[in-house]
Amino acid sequence: MSDPITPKLDFIREIISADLASGKHATTITRFPPEPNGYLHIGHAKAICLNFGIAAENAATGAKCHLRFDDTNPEKEESEYVESIKADVKWLGFDWGSDLYFASDYFTFFHDCAVHLIKQGKAYVEQQSAEEMRTNRGNLTTLGTPSPFRDRPEEESLDLFARMKAGEFKEGDCVLRAKIDLTSPNMNLRDPVLYRIMHAEHHNTGNAWCIYPLYDFAHPLEDALEHITHSLCTLEFENHRPLYDWFIDNCPVPSKPRQIEFARLGLTYTVMSKRKLLQLVQEGHVSGWNDPRLPTLSGLRRRGYPPEAVVHFCKRVGITKFSGTTDVALLEFDVRDFLNTSAPRRMAVLDPVKVVLENWSTEPHASVEVPNHPQNPEAGNRDIPISHEVWIEREDFMEIPEKKFHRLGPDRHVRLKGGHIIRCTGFEKDADGNITIIRAEILPGTI
RNA sequence: AGCCUCAUAGUGUAAUGGUAACACCGCAGAUUUUGAUUCUGUUAUUCAAGGUUCGAGCCCUUGUGAGGCUACCA
C-alpha cells in the first residue's frame with residue numbers, strides 16, 4: 001500500500017516504550033477483551049489493531065496479546081458470538097497463539113477476592129432494592145447516603161454471601177457491594193455492586209454459579225491474573241479507573257496492570273452501536289450479522305473489503321483521546337487503494353445495448369487478449385471472446401453527445417477495450433425512443 | 001448542576017518551547033485501451049482572552065465548546 005505510515009508513536013505506545021526503557025516492565029502484555037454478546041464491527045478493529053499491534057511491535061521482548069472473552073453476564077452471551085469473534089480476529093490477520101482466555105474461568109478467583117474484601121471490611125451484602133440503592137446513591141450534585149446494611153458485621157456478610165452463592169436467594173434479593181465512598185464526586189466510587197444473583201445458565205460454566213461478578217470488579221482482576229501490563233480501553237471507562245485501581249490495590253492480585261483509555265472509532269454515516277446492530281439483526285431489517293450493509297467485520301468481509309485495508313485504515317486513524325468522527329471516505333480510500341494494487345481486473349456490462357460490427361468478417365478474431373492488471377504485467381493476461389456482436393453499457397452511447405462526452409455517438413470513434421477502434425455507423429430505436437441496436441464498423445489494423 | 005477528559009485545514013493525525021505539516025476529501029490541469037490508476041498544481045488550520053518567555057499549537061489562569069459519568073450492562 002502507498003504510504004507506510006509514519007512510525008510516530010501514539011501516546012499509548014509512548015508510555016509502553018517508556019516502561020520498557022525504564023525497566024518497569026521487561027515486556028508488554030496487552031489483551032483484546034470482547035464480551036461475546038454480538039459480532040465485532042469496524043470499531044473493534046481499532047482496538048484489535050492497537051492491542052495486537054503493540055504485541056507484534058514488541059515481539060522481540062516476548063510481548064503478547066491475549067484474546068479474552070469477558071463473559072460475566074450469562075444473559076447476553078452466546079457461544080455463536082465466541083466463534084464469530086475468533087474468526088473475525090483471524091480474518092484481520094492477528095493470532096493470539098495459545099493465549100485464549102475466558103473471564104468465566106476465573107469465577108472462583110473473583111469469588112475468593114470478594115470474600116477477601118468482606119473479611120477486610122471493604123465489602124458488604126446489601127439488601128435494599130435496586131431502586132432504594134439508586135435513590136441512596138444520590139446523583140451528580142447530591143451526595144449519597146449510607147445503606148442501613150453498610151456497617152453490618154463481617155461475619156453476617158460472609159454468611160449472607162455464602163448463601164447467595166448457594167442459591168438461597170432470588171434474583172434482586174441482595175447484592176454484594178464494595179465499601180468505598182458514598183460522597184465521592186465520582187459516582188463509580190459510591191459503593192459499587194460487585195456481585196449480583198442471576199439464576200441463568202452460562203454458556204461456559206453452565207449452572208455452576210448463580211452469582212456473577214460485574215465488569216468493574218472482574219475486569220481488573222482478569223487483567224492482573226493474566227499479568228496484563230497495559231490494559232487499553234475506550235474513553236467511557238476513564239471515570240472507572242479509580243475503581244479499577246482500588247480493586248487492584250485491595251485484592252490479592254499477582255500483578256498490577258495499568259488501565260489507559262483511548263477514543264473509540266466513530267465513522268460518519270455508520271451505525272456502530274452494538275445495541276442498534278443487534279436490533280437490526282433481530283428485527284430482520286438485515287439478512288444477518290454479515291449483511292454487507294452492516295459495518296460488522298463479517299459484513300465488510302462479505303462486502304469485499306480486504307482485511308489489509310481495514311488494518312491500514314486503523315493505523316492511519318491513529319490513537320488519541322480526542323473523540324471525533326472519522327469521515328468514512330478515509331476508510332473507502334484504503335479499500336480502493338489496496339484493491340487497486342491487488343485486484344485482477346474484470347469487465348461487466350450492467351445495462352447492455354447490442355453493437356453490431358457490420359464489417360466484422362474483414363478481420364475476424366475469436367478473442368482478444370487483455371491484461372489482468374494495467375500496472376502489473378506479472379498478473380498476466382486473459383482472453384475475452386469477441387464476435388460481430390458486442391454489448392456496451394447503455395450510458396456509453398449518446399445520440400446527441402454533450403460537451404465532455406468522450407464515448408460513442410453517431411459517426412464517432414471509440415476503442416473497444418482489448419479490441420479495435422470502431423466507428424458508429426448508425427442505430428435503431430424502438431417506439432419509446434430507446435436505443436435497441438447500434439451499428440458500427442471496425443477500423444482494420446487498429447487492434 | 002458536580003466530577004473526569006478533550007480541543008491543530010471539511011475529516012483524521014503530526015510538529016525536544018524555535019519556519020504549522022502529512023493523508024483523505026475538494027478544486028484545476030496532464031497522461032490514460034477502466035471518465036480508474038498515475039502525475040502536476042491548488043484552496044484552507046492552532047476555540048477565545050489574558051499571563052510566563054527573546055520566542056507558545058505546546059507551559060499557567062480564566063472562559064467557551066464537545067464527549068463521558070447518576071445499570072444488579074460491558
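Residue numbering restarts at 1 for every chain, and letters A, B, ... go by the order of the sequence lines.
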Pairwise [atom1] distance, [M] and [N] [rounded to whole Å]:
{"N": "B/rG41", "M": "B/rC4", "atom1": "P", "answer": "49 Å"}
{"N": "B/rA56", "M": "B/rU52", "atom1": "P", "answer": "11 Å"}
{"N": "B/rU40", "M": "B/rU45", "atom1": "P", "answer": "24 Å"}
{"N": "B/rG57", "M": "B/rC73", "atom1": "C1'", "answer": "40 Å"}
{"N": "B/rG65", "M": "B/rC27", "atom1": "C1'", "answer": "31 Å"}
{"N": "B/rU31", "M": "B/rC24", "atom1": "C1'", "answer": "23 Å"}
{"N": "B/rC25", "M": "B/rU61", "atom1": "C1'", "answer": "38 Å"}
{"N": "B/rG17", "M": "B/rG12", "atom1": "P", "answer": "25 Å"}

Walking RNA chain B from its 5' end, the first of A/Tyr195 and A/Gly324 to be reached, judged by nearest nucleotide, is A/Gly324
On RNA chain B, more 5' by nearest nucleotide between A/Thr141 and A/Ile197 is A/Thr141
Pick base, sugar-phosphate or nothing for [X], based on heavy-atom distances below 4.0 Å to the nucleic acid.
{"X": "A/Lys274", "answer": "nothing"}
{"X": "A/Ile421", "answer": "nothing"}
{"X": "A/Ala329", "answer": "sugar-phosphate"}
{"X": "A/Leu235", "answer": "nothing"}
{"X": "A/His219", "answer": "nothing"}
{"X": "A/Gly172", "answer": "base"}
{"X": "A/Phe217", "answer": "nothing"}
{"X": "A/Gly144", "answer": "nothing"}
{"X": "A/Thr142", "answer": "nothing"}
{"X": "A/Arg241", "answer": "nothing"}
{"X": "A/Asn186", "answer": "nothing"}
{"X": "A/Thr325", "answer": "sugar-phosphate"}
{"X": "A/Ser184", "answer": "nothing"}

**Prompt:** Is atom CZ of A/Arg264 surrounded by more than 12 heavy atoms (other residues, nucleotides or ligands) closer than 6.0 Å?
**Reply:** no
ask   = Looking just at side-chain N and O atoms, do A/Asn73 and A/Glu35 make a donor-acceptor pair shorter than 3.5 Å?
value = no
Is there a donor in the side chain of A/Tyr39 and an acceptor in the side chain of A/Glu80, or the other way round, less than 3.5 Å apart? yes
Are the ring centres of [X] and [Y] closer than 6.0 Å?
{"X": "A/His202", "Y": "A/Phe107", "answer": "yes"}
{"X": "A/Phe161", "Y": "A/His111", "answer": "yes"}
{"X": "A/Tyr244", "Y": "A/His240", "answer": "no"}
{"X": "A/Tyr215", "Y": "A/Phe237", "answer": "yes"}

Counting only Watson-Crick or G-U wobble pairs whose two distances fall under 3.5 Å, which nucleotide matches [N]?
{"N": "B/rG2", "answer": "B/rC69"}
{"N": "B/rU16", "answer": "none"}
{"N": "B/rA48", "answer": "B/rU62"}
{"N": "B/rG10", "answer": "B/rC24"}
{"N": "B/rC39", "answer": "B/rG29"}

Of the nucleotides [options], which one has an atom closest to the side chain of [X]?
{"X": "A/Lys321", "options": "B/rC24, B/rG12, B/rU5", "answer": "B/rU5"}
{"X": "A/Asn73", "options": "B/rA74, B/rG68, B/rG12", "answer": "B/rA74"}
{"X": "A/Asn340", "options": "B/rA23, B/rC73, B/rU37", "answer": "B/rU37"}
{"X": "A/Lys417", "options": "B/rC72, B/rU33, B/rG2", "answer": "B/rU33"}
{"X": "A/Arg196", "options": "B/rC72, B/rC69, B/rA14", "answer": "B/rC72"}
{"X": "A/Phe237", "options": "B/rU11, B/rA74, B/rC69", "answer": "B/rA74"}
{"X": "A/Val317", "options": "B/rG12, B/rG2, B/rC73", "answer": "B/rG12"}
{"X": "A/Val193", "options": "B/rU33, B/rC72, B/rU5", "answer": "B/rC72"}
{"X": "A/Ser323", "options": "B/rG67, B/rU11, B/rC72", "answer": "B/rG67"}
{"X": "A/Lys76", "options": "B/rA14, B/rC73, B/rU8", "answer": "B/rC73"}

[X] [atom1] - [N] [atom2] separation (whole Å):
{"X": "A/Asp327", "N": "B/rG26", "atom1": "CG", "atom2": "C1'", "answer": "11 Å"}
{"X": "A/His406", "N": "B/rU31", "atom1": "NE2", "atom2": "P", "answer": "11 Å"}
{"X": "A/Ile12", "N": "B/rU13", "atom1": "CD1", "atom2": "P", "answer": "13 Å"}
{"X": "A/Phe322", "N": "B/rC47", "atom1": "CZ", "atom2": "P", "answer": "11 Å"}
{"X": "A/Leu221", "N": "B/rA74", "atom1": "CG", "atom2": "P", "answer": "13 Å"}
{"X": "A/Glu35", "N": "B/rA74", "atom1": "CD", "atom2": "P", "answer": "6 Å"}
{"X": "A/His199", "N": "B/rC72", "atom1": "NE2", "atom2": "C1'", "answer": "13 Å"}
{"X": "A/Asn188", "N": "B/rU70", "atom1": "CG", "atom2": "C1'", "answer": "9 Å"}

If you compare every side-chain N and O of [X] against the phosphate oxygens of [N] (OP1, OP2), does one of them come in below 4.0 Å?
{"X": "A/Arg137", "N": "B/rC72", "value": "yes"}
{"X": "A/Thr326", "N": "B/rU11", "value": "no"}
{"X": "A/Arg134", "N": "B/rA71", "value": "yes"}
{"X": "A/Arg190", "N": "B/rC3", "value": "no"}

Any idea how A/His41 and A/His44 line up, ring-wise: parallel (<30°), tilted (30 to 60°), or perpendicular (>60°)? tilted
Worksheet item: Do A/Glu238 and B/rU5 have a side chain to base donor-acceptor pair shorter than 3.5 Å?
Response: no
Problem - A/Arg152 charged N/C atom sitting above A/Phe149 aromatic ring, 6.0 Å / 45° - result: no
message: Using the rule given for side-chain hydrogen bond (donor to acceptor under 3.5 Å, both in side chains), can you reason through A/Asn250 versus A/Gln120, listing the C-alpha separation, both sets of side-chain angles and the distance that settles it, and then say yes or no?
response: CA-CA 9 Å; A/Asn250 289 288; A/Gln120 299 285 306; over 6 Å; no
